[in-house]
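Per chain, numbering begins at 1; letters A, B, ... match sequence-line order.
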Amino acid sequence: MLVSEVHQPRDLSELLSLMRRLPGATLYAGGTELLREQASRYVTLPPELVSIASLLELRQVSLTERFVELGACLTLTEVLELKESALPELLALALRGVATAPIRNLATIGGNLATRSRFMDVWPALACLDALVELRDGSGARWINLNRLADDDGRPAFPAGVLLSRIRIPLERWDAVALRKVGRCGYPSRDSAVFALAARAEKGILAEFRLAFAGERALRLRDVESRILGRRLPLSAKERSAFAVEYREAATVLSPELALRFGTLVDGALDLLSR
Amino acid sequence: MTFSFILNGEDVLVKARSADRLVDLLRERFGLLGPLADCRHGACGKCLILLDGRLAPSCMLPAFKVRGREVITLEGFSQTDEYADIKGGFEEAGLELCGFCDNGRILAVAALLERNARPSRDEILGELSAVPCRCADPETLTQAVAAAAERRARRLYHRARQ
């Protein structure tokens, strides 16, 4: 492939028109996912490649009192460098855990969320925060909850032929956040996954509780979350144990080993919340 | 196709395929042997360069990604005062790097000190984890970077007073 065959649109409208003209084209931002598994002398690139990393419309940051909106082509480092008020702690924890600084300088937040082979490290944190993503294609733009990018089996379901252009993250007060990476360190592998939790208490009552776990599959049990809500803190040992068992059993679809670790993490997190 | 970018401060033109990795272009077309092509998936840190001032693994960069951008390799960086600060700090702490990791570690320290003049021990070890070589122990590495930071701060102070 020649360099000239890589399409480099100058703005978003040119990109969208290219996507209409070349429906099978691969969008290339940081490229870390595409190159991660390639150790050969030459890089194998898809036949039609559209380089989008430098498009200004995909690199904007917009901050309001209620949310922050991030352009999908901001690198993970650029997101980490946002001022504290624009960067939820849970997201910062997730970003710091991604690979090494040089990789974070290339990888983009949109790429981290749009990976189709598995869920990457930032996904559970943003799923917990109920982030919205803006998807664009030839028919227009729409915002959807990030959690909808997982199918009924919890597998990645990022639609084909679609651009993830922006991420909107609600800025809320959280009393407790936790993020734990399990499995092999470094690059995501079959046995690695990330566990994220955010909780808020009001007048001694658990007012908000969200827990997401994602690796090859994603898990967020909204029915269990709704049953935990409204309980008085501290939770009793019996309550904690019952919820941990529910989470562990649901997580057996991931793998027995991950399910066990998931149950332990939930128990630990609920214990921490109860103190 | 021929495209241009800035390499160690000079505008250069290169004819390349988009499937060429930057690390190979640097070594084979420009004879810049600082960056090494080893793991080829961004894990070993031996091929690090500064891309628009930020640390990046050149094995993870297809040629088309550097069009119009600025690349600095160890060869270019070694002509700067910042390099002298780092080298001096390393010598002061008795740090001797092996030939495999010196490229990555020197550039990683350069990138770290550029954005954080007085990094903590955790920040130093966090940044240097991009180059997982075992030729130096963490304590000596930390002392060496602290010494380099001190030299850099002194130099900048004297320059500001002139």
Side-chain angles (χ1 to χ4, degrees), chain A residues 1-10 26 28-54 59 73-81 92 95-108 111 184-189, chain B residues 1-5 14-25 28 37-69 104 107-109 111-112 115-116 122-132:
Chain A
M1 180 191 276
L2 297 173
V3 173
S4 56
E5 293 178 70
V6 177
H7 304 278
Q8 299 208 311
R10 283 163 296 182
T26 301
Y28 191 107
T32 50
E33 173 61 11
L34 194 66
L35 270 65
R36 184 165 64 92
E37 302 291 347
Q38 298 190 35
S40 56
R41 174 74 168 73
Y42 296 102
V43 177
T44 304
L45 297 172
E48 298 285 0
L49 206 60
V50 183
S51 180
I52 61 170
S54 57
R59 298 183 44 76
C73 283
L74 289 167
T75 65
L76 303 185
T77 301
E78 287 167 338
V79 178
L80 260 175
E81 287 172 353
L95 291 169
R96 287 190 200 106
V98 176
T100 57
I103 298 290
R104 291 195 294 270
N105 288 341
L106 295 182
T108 62
R184 207 181 77 177
C185 288
Y187 288 98
S189 61
Chain B
M1 158 178 193
T2 305
F3 66 98
S4 67
F5 65 103
V14 65
K15 191 173 181 183
R17 294 177 299 180
S18 48
D20 288 331
R21 294 175 193 263
L22 177 63
V23 63
D24 297 317
L25 278 186
E28 293 165 13
D38 190 358
C39 75
R40 291 183 181 272
H41 59 269
C44 73
K46 294 173 189 169
C47 69
L48 292 176
I49 48 120
L50 295 172
L51 178 66
D52 293 339
R54 293 201 189 256
L55 206 57
S58 57
C59 71
M60 294 284 278
L61 287 163
F64 75 88
K65 285 287 285 182
V66 295
R67 177 154 49 180
R69 300 177 76 177
L107 292 178
V109 173
L112 175 63
R115 61 170 202 279
N116 184 349
D122 285 350
E123 287 164 337
I124 292 168
L125 295 179
E127 189 79 9
L128 290 177
S129 68
V131 192

Exercise: do A:T75 and A:N105 side chains pair donor with acceptor under 3.5 Å:
no

If one checks every heavy atom of A:A107 against chain B at 4.5 Å, the contacting part turns out to be neither

Name the option with the most non-hydrogen atom pairs under 4.5 Å to chain A; the candidates are B:S129, B:P132, B:P62.
B:P62

Okay, A:S54 and chain B: the region with an atom under 4.5 Å from a heavy atom over there is neither

Sequence-distant partners of B:E28, side-chain hydrogen bond (donor to acceptor under 3.5 Å, both in side chains), two or more places apart
A:R41

All heavy atoms of B:S18 vs all of B:F64, minimum pair found to be CB-CD2, 3.8 Å

Where A:T77 and A:A101 come nearest, the two heavy atoms and their spacing:
OG1-O, 4.1 Å

Which residues satisfy the side-chain contact (heavy atoms from CB on, under 4.5 Å) test with B:T2, sequence neighbours excluded?
B:L13, B:K15

As an exercise: rank A:S51, A:S40, A:G31, A:A53 by heavy-atom pairs under 4.5 Å with chain B and give me the winner.
A:S40

As an exercise: rank B:K65, B:E127, B:R115 by heavy-atom pairs under 4.5 Å with chain A and give me the winner.
B:K65

